[in-house]
> 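Sharing a structure here in structure tokens format.
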2 protein chains.
Amino acid sequence: MSPQEKLPATTYAVMGLLSQGPRSGYDLASYAEMSIANFWSVAKSQVYRELSRLESLGFVDATEVKQQALPDKRIYSLTKKGEAALIDWLNTPQPQPDRMRSMFLLKVFFGNLIDSDELIRMIEDHGQDARETSIRLSSIAEQLETDPNMEYVLATARLGAKVLEATADWADETIKALKKPAKRKVNKGR
Amino acid sequence: MSPQEKLPATTYAVMGLLSQGPRSGYDLASYAEMSIANFWSVAKSQVYRELSRLESLGFVDATEVKQQALPDKRIYSLTKKGEAALIDWLNTPQPQPDRMRSMFLLKVFFGNLIDSDELIRMIEDHGQDARETSIRLSSIAEQLETDPNMEYVLATARLGAKVLEATADWADETIKALKKPAKRKVNKGR
DNA sequence: ATCCTCATGTAACACGTTACATGATTAC
DNA sequence: GTAATCATGTAACGTGTTACATGAGGAT
């Protein structure tokens, strides 16, 4: 409905966090780190940039808060207009699906250039990491299951757990597959 | 071994592509799009920037090729020094595991702000996309299975297929879970 | 004839990351 | 008493994305 110009997702992420209640930039940054960071990380400095932008758009209001010991701060809250923009964005389906981005896969892809044992070791590590994080997310999910208000948060935790579990399984299978054939040595000379 | 300053992964991606044979910037860009784009996309303009950087580092050589109909071009090839740097990088295990980044999950996370039917529709779409791409990657993987030289490329295709399959399964489960409880309406006020 | 794509790339901008600043408290 | 952390943010830089340029050949 609103003929909005397109803003980056991070802007909406900040608004989303603000929709749960007013916060300072600093608080928002730490809150982001504990909540959405698993699938959308936002650096501190980005938070501040987005807040200025949002303020100039009228999507947030700020109130100065003086402090004695700590530096003064500004508490931001989402305006009606901001909330409308956020809801509008949330309702808009993405044209393109998310693209994966993995340095690890890049290394695997060019794996023929290095010693296969070394690559296998890297895949093992990657698998273990994935397994551990998957378990961590599963236990978070378990705790969330009891709270009916958290169903969407729960869903994101479950996806993370599931994807990482698949990754860990892949690592196991891949290592097996790579170990079977006659072990090839480093392909160094061109 | 080499006391290298840290370069971005994209630089090594370009070197990796060049390790398969000399190409022009344009060719590299299209080649990237057909090969590594699934897990590491590189824009045309980035390719050129990386090539200049690599040239000034002595990691690639360029030769001018005059053309009559088409614009002249420069063909780049990886030098020994470049190959060494690439191999060095490939051998270095990543300190941090890759972080996921998904706009879709961002929307799900804040899903309580919109109508649940709309969100369900988005999850359905996402799941279908994932399923389709998973199948596409599986069939690519199948073709790669016959070629013993492609084992690492195969591995990346399989991971993509597996992760996307898990995503699609998650979508199905999540939709079921969201439909069960008394359907809640839009949470618009405050 | 005009429009689109191919084949080459360059330029501008915007997002994301890392480093810097600063004073009070807590830790050792 | 020096060092790390907390609580606030700002500044600088570098990666990544989008738009611009240009001429030939193919499509309709």
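To find a chain, count down the sequence lines: A is the first, B the second, and so on, and within it residues start at 1.
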> For residues T10(A) and W40(A), is any side-chain donor paired with an opposing acceptor at under 3.5 Å?
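Judged by distance alone, the side chains do pair up.
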> If I take atom CZ in residue R23(A) and atom C1' in nucleotide dG9(D), what distance separates them, rounded to the nearest angstrom?
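To the nearest whole Å, that distance equals 18 Å.
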> Could you give the OH-to-P distance, from Y48(B) to dT10(C), as a whole number of Å?
7 Å
> Take atom CZ of R99(B) and atom C1' of dT17(C), then tell me their distance rounded to the nearest Å.
12 Å
> Here's a test of your reading of the structure: between S45(A) and D27(B), which maps to the more 5' nucleotide of DNA chain C?
D27(B)
> Let me know the distance between CG of D72(B) and P of dG23(D), rounded to the nearest Å.
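Answer to the nearest Å: 13 Å.
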> Using only modelled atom types and a 3.5 angstrom limit, is any donor from either the side chain of S24(B) or the base of dT8(C) paired with an acceptor on the other?
no
> Whole angstroms only, please: what is the CD-C1' distance between Q96(B) and dG16(C)?
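Answer to the nearest Å: 16 Å.
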> Is it true that a side-chain atom of T133(B) and a backbone atom of A130(B) form a donor plus acceptor pair closer than 3.5 Å?
no
> Rounded to whole angstroms, how far apart are NZ on K6(A) and C1' on dC13(C)?
14 Å
> What nucleic acid atoms does R49(B) come within less than 4.0 Å of, heavy atoms only: base, sugar-phosphate, or nothing?
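If one applies the 4.0 Å heavy-atom cut-off, R49(B) turns out to touch a base.
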> Rounded to whole Å, how long is the line connecting atom CD of Q68(B) with atom C1' of dC6(C)?
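Interatomic distance, CD of Q68(B) to C1' of dC6(C): 15 Å.
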> As a test of reading the structure: which of dT15(D), dG9(D), dT25(C) is closest to the side chain of R74(A), going by heavy atoms?
dG9(D)
> Check the distance between dA7(D)'s C1' and E64(A)'s CD and give it to me in whole angstrom.
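Spelled out: CD on E64(A) to C1' on dA7(D) is 15 Å.
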> Could you tell me if R23(A) sits above the aromatic ring of Y31(A), with its cationic atom closer than 6.0 Å to the ring centre and no more than 45 degrees from the axis?
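Yes, cation above the ring, under 6.0 Å and within 45°.
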> Does the base of dG9(C) carry an N or O that pairs as donor and acceptor with the side chain of K44(B) under 3.5 Å?
yes
> Would you indicate, yes or no, if dT8(C) has its OP1 or OP2 atom less than 4.0 angstrom from a side-chain nitrogen or oxygen of Q67(B)?
yes
> So which nucleotide from dG9(C), dC15(C), dT17(D) ends up closest to the side chain of Q46(A)?
dC15(C)
> Can you label the angle between the F104(A) ring and the H126(A) ring as parallel, tilted or perpendicular, going by 30° and 60°?
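Rings of F104(A) and H126(A): parallel, as their planes differ by under 30°.
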> Hey, which sits more toward the 5' end of DNA chain C by its nearest nucleotide, W40(A) or K73(B)?
K73(B)
> What is the nucleic acid contact for T10(A), judged by heavy atoms within less than 4.0 Å: base, sugar-phosphate only, or nothing?
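Sugar-phosphate only.
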> Base, sugar-phosphate, or nothing: which does A43(B) touch, judged by heavy atoms less than 4.0 Å apart?
base
> Establish, for the pair K6(B) and W89(B), whether the NZ or CZ atom is under 6.0 angstrom from the six-membered ring centre and no further than 45 degrees off its axis.
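So K6(B) doesn't make the cation-pi contact.
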